[in-house]
Amino acid sequence: MDHGPVWLTLLLATVTTVGLLLLGTPVAYWLARTKSRAKPVVEAVTALPLVLPPTVLGFYLLVALGPLSPVGGFWLELTGEALTFSFSGLVVASLIYSLPFMVQPLASAFEALGDGPFEAAASLRASPLAAFVHVAVPLSARGFLTAIVLTFTHTIGEFGVVLMVGGNIPGETRVVSIAIYEHVETLRYAEAHALSAGLVLFSFLVLVLVYALNRRFPPHVG
Amino acid sequence: MDHGPVWLTLLLATVTTVGLLLLGTPVAYWLARTKSRAKPVVEAVTALPLVLPPTVLGFYLLVALGPLSPVGGFWLELTGEALTFSFSGLVVASLIYSLPFMVQPLASAFEALGDGPFEAAASLRASPLAAFVHVAVPLSARGFLTAIVLTFTHTIGEFGVVLMVGGNIPGETRVVSIAIYEHVETLRYAEAHALSAGLVLFSFLVLVLVYALNRRFPPHVG
Amino acid sequence: MSVDPCRPASSLSDFAALAMDFRLQRADFGLVVRVEVPLEGVTAVFGASGSGKTTLLRAVAGFERPDQGRVVAGTDTWFDSATHTDVPPHRRAAGFMFQDTRLFPHLDVAGNLAFAARRARADGGGFDRADVVTALDLEPLLRRRTGSLSGGERQRVALGRTLLTRPRILLLDEPLAALERERKADILPYLEGALSRFGIPTLYVSHDIDEVARFADRMLLLSAGRVQAHGPTPQMLERLDLQPAMGRFEAGVLLAGRVLRRDPRLHLTWVDVGGDEIAVPEITGAGGAEVRLRIRARDVALATCRPEGISIRNVLPGTLLELTPGDAPGFVEALVQLHSVRIRSRLTLAAVEELGLAPGMSVFALVKTVSFGV
Amino acid sequence: MSVDPCRPASSLSDFAALAMDFRLQRADFGLVVRVEVPLEGVTAVFGASGSGKTTLLRAVAGFERPDQGRVVAGTDTWFDSATHTDVPPHRRAAGFMFQDTRLFPHLDVAGNLAFAARRARADGGGFDRADVVTALDLEPLLRRRTGSLSGGERQRVALGRTLLTRPRILLLDEPLAALERERKADILPYLEGALSRFGIPTLYVSHDIDEVARFADRMLLLSAGRVQAHGPTPQMLERLDLQPAMGRFEAGVLLAGRVLRRDPRLHLTWVDVGGDEIAVPEITGAGGAEVRLRIRARDVALATCRPEGISIRNVLPGTLLELTPGDAPGFVEALVQLHSVRIRSRLTLAAVEELGLAPGMSVFALVKTVSFGV
Amino acid sequence: GAQGADVLVAVAANFVRPAERIVDDFAEVHAADVALVAGSTGKLYAQIRNGAPFDVFLAADQRRPALLEDEGLALAGSRFTYAVGRLALWSAREGVELHADTLRRGDYRKLAIANPELAPYGQAAREVLSRLVSLARAQERLVTAESVGQAFALAATGNADLGLVAAAQAQRAGHGSLWLVPESLHEPIRQDAVMLARSRDNATAAAFVAFLRTDARAVIASLGYGVASR
Ligand SMILES: Nc1ncnc2c1ncn2[C@@H]1O[C@H](COP(=O)(O)OP(=O)(O)OP(=O)(O)O)[C@@H](O)[C@H]1O
Ligand SMILES: Nc1ncnc2c1ncn2[C@@H]1O[C@H](COP(=O)(O)OP(=O)(O)OP(=O)(O)O)[C@@H](O)[C@H]1O
Ligand SMILES: [Mg+2]
Ligand SMILES: [Mg+2]
């Protein structure tokens, strides 16, 4: 079995999850704490990447990130490489497509905290940033777990967007999901079963471990 | 424009969301409240449908629900119709594929409540069921919103599973996502753009409305 | 009446009593209880912070599961580790009022009350909504979200909510701690009256002996997870050995009396206490009505001869029975036998020496009328 | 000193005072405040439940935004609607202790303390961890999760946590309400000492006048969202018109005195109060030390001739200045001029009539030594 | 709706456009309701094996119909080549000189092809490349799409400057630059149709297949496909 796709998949899922943690958390936090009237609009926008079929979203991303687009052109100039058909492109696409899975559960978890902990933190001279890092984040541990699991697994399983934007280049953009898909399409069912079983089993073990650890260190509020 | 797919999509998304509310809520509740050692395992299982590529999952569902399988055979006997390539089959497939989007945010929201409200309810002679309906559910309103939005939008956008299990049969299993996909695939970009724009705009408006209403009636916990 | 841990379990009667006989360990803290409380009237639960009061009530309500033992209410076994019985909290019909109120934030005040009222025991005592709303002055709050209530308002709502379930037994965890004295003085008589009228047995946790001494029939004193003492309020208040635990300014006696006559002009009521007449501020109660008078030792002075021209109304002749050192240096506790009851006085060592007080002497106990709280 | 709402705003000095001059409307409840509190010592905030105490403190801390007005601490403007100034709470350096404690559930007790200590003002007064942990007896709790603490334990941790931020001003919202008297008696002297040692100005909300009268320099009385009165504690306690608001058993006077001498054997201390000698239980303080004595009116009896053979230590000659009806029927409040201070006594109408008390008469005020809480 | 359709035709995505024309023509003559279900050949095959209610299968290759025939899922002897695909080298930009040397010299950044594993057009593209240059050399600038439709999309959006796509697609696009790859450079892309066994009694389906064999040939040829000699 070719290990390239497995490795690439894990890398992509990890990079996407970490990236979305960095990008999505502030957005979710803003959503949960803001009193701005724009909130419902931003909230809706963060859910939108889900409504388009992955392949179609991939198509539009292809247009938006392609070398003829301003973004893609800028990237090409900057790095000398096209954004599409590269691992970077995959990451960008995955970030966009998986955004809702990070933002929505996090916003929900942050909102559930109410004002209490934030006022308590401020009363102890903690800046909003410190309150976020040292209070809101640990108190929302369960929300983070949900967001991370959804984002990570979804990135593993997704391939419509990835295939479209990535171009299935071995070692660069060819992830496991595409490999399994290929096996199914070409009637190599035995290989498909083996790869699927491996993926499911691996994911299952990781998830059980994660949830078991989460249980041992409960992030309970109250 | 053919309105069949639009109608079918909304129907599928609605039925899936309602179905998952009914099926997923008890599971999430159990996960949040149980002290069973099986919890991490069940939790992992509810996240698993995400790790397989939709088409691949669809393939396995096709096999599992087909007339030759026990489930599919039983269904055929019962209803006289095959489960695959029917709307019912789509619903079953969607229920399975979207399960994580319902269960995970709900479990997270229920867990965030802690024991307090449940003890308070029991002290007022409310049965566990009453505590669930009248306390846990309203206090988890934001979690429900997140779960519903993720499930609904994901069902709208999903097509890998749906295409595989449903077979893209006009009026029966041909949903919008497949139609757009087909337009892209067959190079009818203008139609694809129109349909995508319609879908995005419609979803956007619905989401803004939902979030705005949610803001007006805050489900705030304390 | 202290509890003998060697008393056989079978002696715990199961008629009209709440038998608590269990042990429960939580990290460093262990609660070991073996006590039986009649299922009638009010039992005050005292003890220092962290002594296990809340834990005891939670175990009775079913929120804490003892490691071993039994909780039996009347003929119903609520918990028994031997038979793996553990009646779920909502079936115990124990109305628990939490120290931290736990109002439902998604309901307004009326909604919180309705939640309870809808689930009230059909055959329960007669708390009705209008009655509770009036007594606790909840009317102005009914449409309010609970999140914006003040601390005291939250407690009133929580108390009302608990009462409305018409519980079989009430478990009140510092129900009035966030209320100021005036408000307490308004609510306590109502609570007292309602509890005796509807006959709902109550365990009442409080820090304030004054708050409950007037209406608690019994007291249960916890200390570091053990029942240090348990018995009728009058005896408990008299026991000197309990004073450190109950707070040194709280020592005194509780006397049962009967209204003799009233003077409407002077707004005084005379109460017969075993042959002695004591003047207290006006009591709204018919002649012959039974009342309880709590007289704190610190409010009682002694005199060796009857003082004249003094504003103190009650000058009660008696005999000095004993003098014991108080819990603080320089203080002495005196026990004085009146006609048939005994009264306790706290004196300075200086006074004892100057007056040459000694057991057997005739003395007068001086008690200001105004020292009786209305 | 009541507050005149027509006083021009410019007269609010901005030196070493906390100027609160704002209005704030929340549904039915409006808080209108125009008062200036020196930024030193302890200001006790009293008022019935729902009178706006918590809201006032929250506005000072920055958790409630007034609709209009200013909050100025010394030379720092924290809030000014005119200039759209609104310093965020964490920059105000106001240590707020919440009525509901709000401990962080994801940290243990040590973690909660560390959260505060890490952010302590570098130039703040010297509360240090070891000191606070000892005083509040937090040692046994350090490794505990906050979720399992008892009500009183939570309050002690919350108080310690707030102190450790070394705030510029302390805002304590019923910090000891969940503690029993004994524990309060342990903590209060520490708090009192520490506050004066480190000079941290404090707003202290309490229901219990006894709790703060001893160490509050000033009192601020709220009633239905308005400042009903505000002034130095002694004057406030003397004012009869405030008694309904402060609780009828709380009336009395607060006298400044100086330790004269002590009797180590009898454990008594004599305090000179403006020429009168008053015997109180032993005070640990050097001779000449300033002390404050709170004498509640209900603890003072009057006599027309010097009583003999009586255990009451303090028999203070004076002149009856005035008699006013008490707040309850049948009661009379007497004001007695001693050498240079005045003392208040609560009497029954019956006593007044029997003794023929009238202004101008010479009387003796009788005060038991034991009525002074240690 | 399709529930009422007389014939359900599963058609490879690349042939949807011609198929629609053919269905229209057929409907004019026969007054029958024929519904199309588009999909990738592999997917459609898997679905047929699992009970899909199709009557006719227009595949993109010969292999899957043959398999179905072997498995008894297709009517024996009903298999025939309904169209022969042609490959074109295409660029979305106008006026680009395209010929075999373009591929030989590698005058491009990215070349989009359909996945050779999945699509016959991909298979053909691979053959072309391996004949003109070594596959290994071309590999690193190759991007592979799930289908020939997506390969076209990659080229049409400029993400790949060139695409080896279906001639029919390039022709229909009506813009860009095109080089029709000589048939000598790859095996002919034979697309086979088959009638499914479950529809042996469906006269309309039989009529549609017959129509495809005969009257439809002109339309097929006009849309950029070759038609096999009988
Ligand atoms: N889960 C637990 N783990 C460890 N210690 C616990 C746990 N639950 C309670 N305790 C400890 O048990 C003791 C008794 O707690 P409890 O709440 O019953 O006290 P309490 O008498 O109600 O005090 P308070 O008057 O302060 O409310 C406390 O010291 C508390 O810290
Ligand atoms: N957001 C709000 N909407 C409406 N009323 C409010 C709001 N916030 C506070 N109040 C009301 O304002 C009044 C003052 O509340 P506050 O919490 O300041 O009282 P408090 O003096 O601290 O009382 P307590 O001693 O009971 O804690 C209360 O009656 C409260 O119900
Ligand atoms: Mg407690
Ligand atoms: Mg308050």
Side-chain angles (χ1 to χ4, degrees), chain A residues 21 25-26 28-30 32-37 39 105-148 210-222, chain D residues 54 57-65 86-108 111-124 145-149 154 157-173:
Chain A
L21 274 175
T25 309
Y29 193 61
W30 180 83
R33 306 286 308 154
T34 187
K35 293 193 168 59
S36 156
R37 304 175 128 257
K39 181 183 164 189
L106 284 187
S108 167
F110 289 143
E111 260 184 43
L113 296 179
D115 287 337
F118 296 100
E119 289 184 357
S123 82
L124 301 172
R125 301 169 40 79
S127 68
L129 182 67
F132 168 71
V133 173
H134 297 294
V135 178
V137 169
L139 283 181
S140 307
R142 185 56 168 89
F144 272 94
L145 182 68
T146 295
I148 289 171
V210 165
Y211 283 119
L213 284 180
N214 174 55
R215 211 181 157 206
R216 171 152 313 173
F217 306 106
H220 253 271
V221 184
Chain D
T54 299
L57 260 60
R58 287 176 59 83
V60 172
F63 298 131
E64 300 282 344
R65 182 197 298 262
D86 190 2
V87 177
H90 70 282
R91 294 246 187 75
R92 297 195 182 187
F96 195 108
M97 177 181 160
F98 297 89
Q99 210 167 354
D100 53 357
T101 73
R102 305 216 185 151
L103 301 181
F104 294 130
H106 62 295
L107 300 175
D108 59 11
N112 272 274
L113 296 180
F115 189 100
R118 221 177 310 133
R119 293 175 174 78
R121 282 196 314 142
D123 56 343
R145 283 260 160 173
T146 60
S148 65
L149 296 179
R154 296 182 69 82
V157 175
L159 180 57
R161 191 176 74 161
T162 302
L163 293 179
L164 283 178
T165 60
R166 299 184 177 166
R168 221 182 110 177
I169 174 170
L170 261 173
L171 306 170
L172 304 179
D173 200 353

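Scope of the values below: all heavy atoms of this structure, side chains included, with no hydrogens, waters or symmetry mates. Chain letters run A, B, ... following the sequence lines, proteins first, then strands; residues in each count from 1.
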Residues 96-103 of chain D: residues contacting chain A (heavy atom under 4.5 Å, by number):
D:F96, D:F98, D:R102
Go through the steps for D:T146 and D:V157 under the test side-chain contact (heavy atoms from CB on, under 4.5 Å), then give the verdict.
CA-CA 9 Å; D:T146 60; D:V157 175; 5.5 Å; no
Top residue by heavy-atom pair count (under 4.5 Å) with chain D, among A:A130, A:P128, A:P117, A:A131?
A:P128
Part of D:R91 lying under 4.5 Å from any heavy atom of chain A:
neither
Relative to chain A, which segment of D:A94 carries a heavy atom at a distance below 4.5 Å: side chain, backbone, both, or neither?
backbone
Whether D:H106 side chain and A:S140 backbone form a donor-acceptor pair below 3.5 Å:
no
Mark yes or no for whether A:R125, through its side chain, and D:R119, through its backbone, hold a donor-acceptor pair below 3.5 Å.
yes
For A:F132 and A:R33, run side-chain contact (heavy atoms from CB on, under 4.5 Å): C-alpha distance rounded to whole Å, both residues' side-chain angles, the deciding distance at 0.1 Å, then the answer.
CA-CA 11 Å; A:F132 168 71; A:R33 306 286 308 154; over 6 Å; no
Taking C-beta and beyond as the side chain, do D:L57 and D:F63 meet within less than 4.5 Å on heavy atoms?
no
Side chain, backbone, both or neither: which part of D:A158 has a non-hydrogen atom closer than 4.5 Å to chain A?
neither
Walk me through whether A:V135 and D:F115 qualify under side-chain contact (heavy atoms from CB on, under 4.5 Å).
CA-CA 10 Å; A:V135 178; D:F115 189 100; 3.7 Å; yes
State the CG-CG distance between D:D108 and D:L149, to the nearest 0.5 angstrom.
10.0 Å
Quick one: is the NZ or CZ of D:R161 closer than 6.0 Å to the six-membered ring centre of D:F104, and within 45° of its axis?
yes
